[in-house]
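Encoded as structure tokens, the structure appears first; notes follow it.
For the single chain, residues carry numbers from 1 onward in sequence order. Side chains are part of it too, since the values below use all heavy atoms of this structure and drop only hydrogens, waters and symmetry mates.
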Amino acid sequence: MLVYNKFIDEGFDAEGRLNRFELKPGVDFNFGFDCVDVLGTEKPDKTAMMWVSKHGEERRFTFEDMMKNSNKCANYFTSLGIKKGDRVMLVLKRHYQFWFAIVALHKIGAIVIPATNQLMKKDFIYRFNAAGIKAIVCTSDDGVLDHVDAAVPESPTLQIKCAVGEVRDGWRDFNAEFETFPDTFPRAEGEDKVRGTDLMLMYFTSGTTGYPKIAAHNNFYPLGHVITAKYWHNVDPEGLHFTVAETGWGKAVWGKLYGQWLSEAGVFTYDFDRFDGDAVLKQIEKHKITTFCAPPTIYRFFIKEDLSKYDLSSLKYATTAGEALNPEVFNKFKEHTGLSLMEGFGQTETALTVANLVGSKPKPGSMGKPSPQYHIEVVDEDGNPVKPGAVGEIVVNTKNGNPLALFAGYFLDEEKTKAVWHDGFYHTGDTAWKDEDGYFWYVGRTDDIIKSSGYRIGPFEVENVLMEHPAVLECAVTAVPDPVRGQAVKATIVLTKEYQPSDELVKEIQNHVKHKTAPYKYPRVVEFVTELPKTISGKIRRVEIRNGEKKN
């Protein structure tokens with residue numbers, strides 16, 4: 001019996017497609033103890049992860065390895081004073097230590113906050129203080145330690161700093177220290193007992209009207225990803241699943257941890273710095289990857305390669321999410337591989353909500369149909385269901401209860417939570433239309449989030465950095481279509497009177513953003529204007545800027 005069968009009840013229609021999915025975990029469900037340790041004990045030699053470094057070093061980790069290393073790590077963190085409810089940030093790229101640390105923190109009952117290594121001083125200060133982060137475990141690559149150290153004087157809650165890699169004064173050596181601890185870790189009882197409703201995981205999710213919100217999930221959240229892995233990725237318990245995602249983003253736990261291990265499938269991790277289509281295809285070939293998931297951008301790079309050079313015969317299933325899928329990419333990938341790209345949709349606040357699940361016949365460009373885990377509707381501005389073909393907002397109906405994989409709310413922010421979750425609906429802020437067959441077709445955000453190469457970028461953060469440049473009087477950040485990235489960041493800028501438009505100034509402003517915040521946020525397109533369109537109340541009308549771009 002698969003480990004997840006202990007916690008779910010599922011049913012199928014006459015054609016074998018999943019149509020019922022009910023979660024029934026115990027009140028103290030804990031992914032670390034009830035999945036990792038169960039498999040580590042019952043199937044100790046089964047592959048949990050095959051890891052390959054950017055230099056080609058290979059390491060295979062069994063479930064017993066994961067159990068024991070996470071136990072060492074839990075004992076280590078406990079010795080440092082990390083306890084249930086403490087917030088701990090992990091900035092570990094694709095390093096295998098991420099898996100040790102996140103499982104360990106789940107066992108302790110601490111709250112994990114994964115983050116990207118591309119954050120700068122300003123980003124760390126905001127995140128440390130907004131979440132009250134007590135400890136950070138991060139890679140020493142890419143100057144991350146410099147940015148964290150620069151943020152420390154303005155981050156009073158941060159007490160513990162652990163580094164993976166080269167260590168300096170003020171930092172603990174994670175690799176050397178955790179190894180010295182026992183490889184058993186008992187499940188806590190009494191006040192320290194970790195319950196399913198306790199928070200376990202938080203992500204900063206970009207917004208358009210302020211700094212990022214903090215989407216918080218409880219310990220039941222991993223179970224929601226059984227559908228993600230088993231019935232969308234179609235993982236093989238005897239195979240290897242490869243999701244291209246860095247651990248700082250929510251897609252990593254979607255595709256490199258929870259559902260895959262609950263389905264007893266091994267995950268493949270390629271710890272590269274910069275994406276290279278040829279290198280990734282060679283890894284698929286060498287390690288005989290059976291299922292694969294990536295944003296459409298990755299597939300766009302793939303079809304530019306000569307796919308006939310690679311033996312991809314081990315690949316049995318391919319999925320995609322993160323941005324709209326171009327039908328041309330769908331058709332060319334199928335032409336080369338024989339595989340249909342099965343699209344899906346979800347958010348940081350949810351698990352997979354809409355998808356082309358196993359057994360579905362995909363319509364190229366469609367997100368698919370609602371997951372049986374959620375009651376999904378498309379509604380108008382008054383919350384009324386719209387007719388097929390009409391565009392509305394995608395909402396989760398919670399009038400009869402909340403799905404366990406729906407977020408618990410925005411951490412310490414009841415106002416923002418109520419703004420999106422009211423009247424019995426969680427409002428996703430994404431719009432779509434539904435056809436007569438029940439397939440959903442994505443339209444766009446009700447706000448202004450930019451999706452570029454799988455990244456979600458909030459205009460407000462970029463605008464704040466732009467405004468620090470002496471040349472910028474006013475600015476608005478919007479998305480523009482990009483044939484490779486899906487969307488690119490555009491900055492529309494009104495200059496101060498001391499400056500004049502020039503190519504040199506464009507580069508200067510772009511470099512300013514790159515050095516002040518995560519580089520992927522920099523504007524690839526810069527336009528200088530004499531004024532910005534505004535409402536009567538003085539708010540910038542980004543929608544008018546976007547519409548003007550479409551007409552050009």
What's the verdict on side-chain contact (heavy atoms from CB on, under 4.5 Å) for Leu240 and Val267, showing C-alpha distance, side-chain angles and the deciding distance? CA-CA 5 Å; Leu240 275 180; Val267 296; 6.0 Å; no

Verify side-chain contact (heavy atoms from CB on, under 4.5 Å) between Glu10 and Leu18, making sure each step is shown before the conclusion. CA-CA 7 Å; Glu10 56 193 0; Leu18 186 73; 3.8 Å; yes

Test side-chain contact (heavy atoms from CB on, under 4.5 Å) on Leu80 and Arg172 and set out the steps. CA-CA 10 Å; Leu80 298 179; Arg172 307 193 71 99; 3.3 Å; yes

Set out, in order, the CA-CA distance, both residues' side-chain angles and the distance that settles salt bridge (Lys or Arg N to Asp or Glu O under 4.0 Å) for Arg187 and Asp37, then state yes or no. CA-CA 11 Å; Arg187 197 166 191 155; Asp37 283 10; over 6 Å; no

Pair Glu264, Lys43 - check salt bridge (Lys or Arg N to Asp or Glu O under 4.0 Å), show working. CA-CA 9 Å; Glu264 300 183 14; Lys43 300 183 179 182; 2.5 Å; yes

Show the numbers, then the answer: is there a salt bridge (Lys or Arg N to Asp or Glu O under 4.0 Å) between Arg60 and Asp65? CA-CA 9 Å; Arg60 173 180 172 268; Asp65 293 331; 5.9 Å; no

Start with the C-alpha distance between His427 and Trp421, add both sets of side-chain angles, then the distance that settles side-chain contact (heavy atoms from CB on, under 4.5 Å), and finish with yes or no. CA-CA 6 Å; His427 294 257; Trp421 197 343; over 6 Å; no

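For Glu58, the CD atom counts as densely surrounded, since its 6.0 Å shell holds more than 12 non-hydrogen atoms of other residues, nucleotides or ligands. Counting heavy atoms of neighbouring residues, nucleotides and ligands inside a 6.0 Å radius, atom NZ of Lys434 does not exceed 12 of them. Within 6.0 Å of atom NZ in Lys193, more than 12 heavy atoms from other residues, nucleotides or ligands are found, so the atom counts as buried in its surroundings.
A parallel orientation is assigned to the rings of His241 and His233, their planes being inclined by less than 30° (bins at 30° and 60°). Ring geometry for Tyr76 versus Phe174: interplanar angle over 60°, hence perpendicular rather than tilted (30 to 60°). Note on ring orientation: taking the six-membered ring where Trp is involved, the planes of His225 and Tyr258 are parallel (angle under 30°, cut-offs 30° and 60°). The aromatic rings of Phe31 and Trp261 sit parallel to each other, their planes meeting at less than 30°, with 60° as the upper class boundary.
In terms of modelled atom types and a separation under 3.5 Å, the side chain of Ser263 and the main chain of Ala265 share no donor-acceptor contact. Without hydrogens or angle criteria, Gln347 side chain to Thr428 main chain gives a donor-acceptor distance under 3.5 Å. Between the side chain of Asp123 and the backbone N or O of Met120 there is at least one donor-acceptor pair closer than 3.5 Å. Judged by distance alone, the side chain of Asp28 and the main-chain N or O of Val194 form no donor-acceptor pair under 3.5 Å. In this structure a side-chain-to-backbone donor-acceptor pair under 3.5 Å is present from Thr139 to Asp141. At least one donor-acceptor pair under 3.5 Å links the side chain of Asp380 to the backbone N or O of Asp382. One N or O on the side chain of Gln260 and one on the backbone of Trp254 form a donor-acceptor pair closer than 3.5 Å. Distance alone, capped at 3.5 Å, places no donor-acceptor pair between the Thr319 side chain and the Glu343 backbone. A donor-acceptor contact shorter than 3.5 Å is absent between the side chain of Thr184 and the backbone of Asn71. In this structure a side-chain-to-backbone donor-acceptor pair under 3.5 Å is present from Ser366 to Gly368.
Residues Ala321 and Gly344 share a closest heavy-atom pair of CB-O, 3.4 Å. Annotation for Asp86 and Gly81: closest pair OD2-O, 3.6 Å, computed over non-hydrogen atoms. A pairwise comparison of heavy atoms in Arg87 and Ala131 identifies NE-O, 2.9 Å as the closest pair. Annotation for Pro25 and Leu23: closest pair CD-C, 3.4 Å, computed over non-hydrogen atoms. Of all heavy-atom pairs between Thr320 and Pro295, the closest is OG1-C, 3.5 Å. Of all heavy-atom pairs between Pro370 and Gly438, the closest is CD-O, 4.2 Å.
The residues Lys6 and Asp34 are annotated as not salt-bridged, no charged nitrogen and carboxylate oxygen being separated by less than 4.0 angstrom. A salt bridge links Asp198 with Lys84: at least one charged nitrogen is closer than 4.0 Å to a carboxylate oxygen. The pair Asp9-Arg20 meets the salt-bridge criterion, since a charged nitrogen lies less than 4.0 angstrom from a carboxylate oxygen.
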Can you give me every donor-acceptor pair (side chain of residues 152-159, partner residue at least two apart or in another chain, under 3.5 Å) with its distance?
residue: Ser155; atom: OG; partner: Ala151; partner atom: O; Å: 2.7
residue: Thr157; atom: OG1; partner: Ile133; partner atom: N; Å: 3.3
residue: Thr157; atom: OG1; partner: Ile133; partner atom: O; Å: 2.8

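Listed by chain and number, the residues in a side-chain contact (heavy atoms from CB on, under 4.5 Å) with Asp183 are Lys68, Lys72 (sequence neighbours excluded).
Note that Arg94 lies outside the cation-pi zone of Tyr270, set by a 6.0 Å cut-off to the ring centre and a 45° limit from the axis. The cationic group of Lys213 lies under 6.0 Å from the six-membered ring centre of Tyr410 and within 45° of the ring axis, placing it in a cation-pi geometry. Taking the ring axis of Phe33 as reference, the NZ or CZ atom of Lys107 stays within 45° of it and closer than 6.0 Å to the ring centre.
In this structure, Phe77 CZ and Ile108 CD1 are separated by 6.5 Å, a value rounded to the nearest 0.5 Å. Separating the CD1 atom in Ile376 from the OG1 atom in Thr353 is a distance of 5.0 Å, to the nearest 0.5 Å. One distance of note links NE2 of His106 with CG of Asn219; it measures 7.5 Å at 0.5 Å rounding.
Centroid-to-centroid, the aromatic rings of Phe7 and Phe220 stay 6.0 Å apart or farther. Between Tyr96 and Phe61, the ring center distance clears the sub-6.0 Å criterion. Side-chain rings of Phe268 and Phe242 approach one another, their centers coming within less than 6.0 Å.
Between Trp232 and Cys293, the closest side-chain pair of non-hydrogen atoms falls below 4.5 Å. Between Gln118 and Asp142, every side-chain heavy-atom pair lies at or beyond the 4.5 Å cut-off. In this structure the side chain of Val112 never reaches within 4.5 angstrom of the side chain of Val88, judged on heavy atoms. In this structure the side chain of Phe100 never reaches within 4.5 angstrom of the side chain of Leu92, judged on heavy atoms. In this structure, the side chains of Arg59 and Asp271 stay at 4.5 Å or more apart for every pair of heavy atoms. Put simply, the side chain of Asn19 does not reach to within 4.5 Å of the side chain of Pro372, judged on heavy atoms. Counting heavy atoms from C-beta outward, Ser140 and Val167 have side chains that stay 4.5 Å or more apart. Taking the side chain as every heavy atom from C-beta outward, Glu393 and Phe425 never approach each other to under 4.5 Å.
A donor-acceptor pair shorter than 3.5 Å cannot be found between the side chains of Asp236 and Tyr317. A donor-acceptor contact under 3.5 angstrom links the side chains of Trp171 and Asp149, judged on distance only.
Residue pairs meeting the salt bridge (charged side-chain N to carboxylate O under 4.0 Å, His left out) criterion with at least one partner in residues 242-263, sequence neighbours excluded, do not occur; the list is empty.
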